[in-house]
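Below you'll find the structure, written out as structure tokens, and then a few comments.
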Amino acid sequence: MMKNAVLEAIHSRRSTRNFRPDQVEEETLTAILEAGNWAPSAGNDQPWHFLVVQQRALRERMNRIAKEAMAFSPLAWAVQKGQDPAFDIFYGAPTVVVVSCREGAMSPRVDCAAAIQNMLLAAESLQVGTCWVGLARGFFAREEEVRALPLPPGYVPFYAVALGYRQGAAPEGPERKAPPVIYLR
């Protein structure tokens, strides 16, 4: 298999679910956010916004409200996790990036997903652990909570990314299936 730094980051990146409490260095965090900003977007619209949450009280509030929403999930595992007082949707990460998109963008969710993937890979290359946190949508569903965030007018939060230094080694990756590819040559 061909190897280079980008392919290495793609192959080694894993979701981190156990973070050390120390903050990501400012220069490193800036590089990760910049990588997100360099993502492709429909029509080069670049409709994303990144809100960096390092305030412990806000992270805890986001966690609590998201867990309250999990009680209404049709998924038994989500209900169970939401009821666990020790469970933290951000896994103790000292930094959470809320990724929002401008309303009316041509392809908002795809554009934000591309920005997140860039951030995940950049973080991996810089030895920073990450976890793309879909459970944050329980917090984002509370309009009054979202209005209290310092987002620019017309932006809607879609996703959150937990960032921090890993506590322990990254887990082994699951075996991959052969890619479903058909060549028409």
Side-chain angles (χ1 to χ4, degrees), residues 3-63 66 88-102 105-140 145-146 149-152 154-174:
K3 295 280 184 177
N4 68 31
V6 174
L7 294 174
E8 288 288 333
I10 290 169
H11 291 168
S12 64
R13 197 213 70 79
R14 300 286 175 270
S15 293
T16 299
R17 293 188 173 89
N18 193 7
F19 292 92
R20 296 189 335 228
D22 41 319
Q23 278 295 351
V24 175
E25 295 174 16
E26 196 68 28
E27 181 180 22
T28 302
L29 179 58
T30 299
I32 292 167
L33 296 169
E34 185 176 328
N37 197 43
W38 277 94
S41 60
N44 194 29
D45 191 22
Q46 303 173 40
W48 42 69
H49 179 271
F50 310 134
L51 174 64
V52 179
V53 179
Q54 294 181 321
Q55 295 173 352
R56 181 183 195 101
L58 180 53
R59 289 192 326 270
E60 288 173 354
R61 181 174 181 78
M62 292 170 71
N63 177 58
D88 175 3
I89 69 166
F90 303 121
Y91 304 99
T95 297
V96 172
V97 178
V98 174
V99 180
S100 301
C101 198
R102 191 181 64 255
M106 193 181 321
S107 191
R109 289 194 185 272
V110 173
D111 292 347
C112 284
I116 290 170
Q117 182 70 356
N118 272 20
M119 287 190 279
L120 299 178
L121 294 175
E124 178 64 25
S125 76
L126 297 168
Q127 289 79 51
V128 173
T130 59
C131 189
W132 188 335
V133 183
L135 293 174
R137 68 181 166 269
F139 176 81
F140 301 149
E145 296 292 341
V146 171
L149 296 175
L151 296 175
Y155 279 76
V156 177
F158 286 146
Y159 306 110
V161 177
L163 285 166
Y165 297 108
R166 286 184 190 98
Q167 182 79 22
E172 288 294 318

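Each residue takes its place number in the sequence, starting with 1.
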Closest approach of [X] and [Y], non-hydrogen atoms and distance?
X      : Y      : answer
Phe19  : Gly92  : CB-O, 3.9 Å
Gly129 : Thr16  : CA-OG1, 3.3 Å
Val53  : Val98  : CG2-CG2, 4.2 Å
Gly36  : Phe50  : C-CZ, 3.8 Å
Ile116 : Val99  : CG1-CG2, 3.7 Å
Ala31  : Leu126 : CB-CD1, 4.0 Å

For the [atom1] atom of [X] and the [atom2] atom of [Y], what is their distance to the nearest 0.5 Å?
X      : Y      : atom1 : atom2 : answer
Met62  : Leu135 : CE    : CG    : 12.0 Å
Leu163 : Thr28  : CG    : OG1   : 10.5 Å
Phe90  : Glu60  : CZ    : CD    : 11.0 Å
Asn18  : Cys131 : CG    : SG    : 11.5 Å
Cys101 : Leu151 : SG    : CG    : 11.5 Å
Tyr91  : Thr130 : OH    : OG1   : 12.0 Å

Are any non-hydrogen side-chain atoms of [X] and [Y] less than 4.5 angstrom apart?
X      : Y      : answer
Val6   : Leu121 : no
Ser100 : Leu51  : no
Val52  : Leu29  : yes

**Prompt:** Taking only residues at least two apart or on different chains, which pairs with a member in residues 34-45 satisfy side-chain hydrogen bond (donor to acceptor under 3.5 Å, both in side chains)?
**Reply:** Asn37-Trp48, Asn44-Gln46, Asp45-Arg102

**Message:** Please list all pairs meeting side-chain hydrogen bond (donor to acceptor under 3.5 Å, both in side chains) that have one or both residues in residues 111-120, counting only residues at least two apart or in different chains.
**Reply:** none

**Item:** N/O donor-acceptor pair under 3.5 Å between Arg59 side chain and Thr95 backbone
**Value:**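 No, Arg59 side chain to Thr95 backbone: no donor-acceptor pair under 3.5 Å.
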
**Item:** ring-ring contact (aromatic ring centres under 6.0 Å, His included) contacts in which one or both residues fall within residues 109-129, not counting sequence neighbours
**Value:**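 For residues 109-129, and leaving out neighbouring residues, there are no ring-ring contact (aromatic ring centres under 6.0 Å, His included) pairs at all.
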
**Message:** Test: ring-ring contact (aromatic ring centres under 6.0 Å, His included). Region: residues 106-132. Which pairs qualify, not counting sequence neighbours?
**Reply:**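 As it turns out, the ring-ring contact (aromatic ring centres under 6.0 Å, His included) pairs with a partner in residues 106-132, which skip direct neighbours, are Trp132-Tyr159.
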
**Request:** Any pair with a residue in residues 128-137 that passes salt bridge (charged side-chain N to carboxylate O under 4.0 Å, His left out), sequence neighbours left out, goes on the list, sorted by first then second residue, please.
**Result:**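 Checked against salt bridge (charged side-chain N to carboxylate O under 4.0 Å, His left out) - neighbours excluded - no pair reaches residues 128-137.
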
**Asked** Is atom CD of Glu25 surrounded by more than 12 heavy atoms (other residues, nucleotides or ligands) closer than 6.0 Å?
**Response** no

**Asked** Can you list the residues that meet the side chain to side chain donor-acceptor pair (under 3.5 Å) rule with Asp22, with sequence neighbours excluded?
**Response**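 Checked Asp22 against side chain to side chain donor-acceptor pair (under 3.5 Å); matches are Arg20.
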
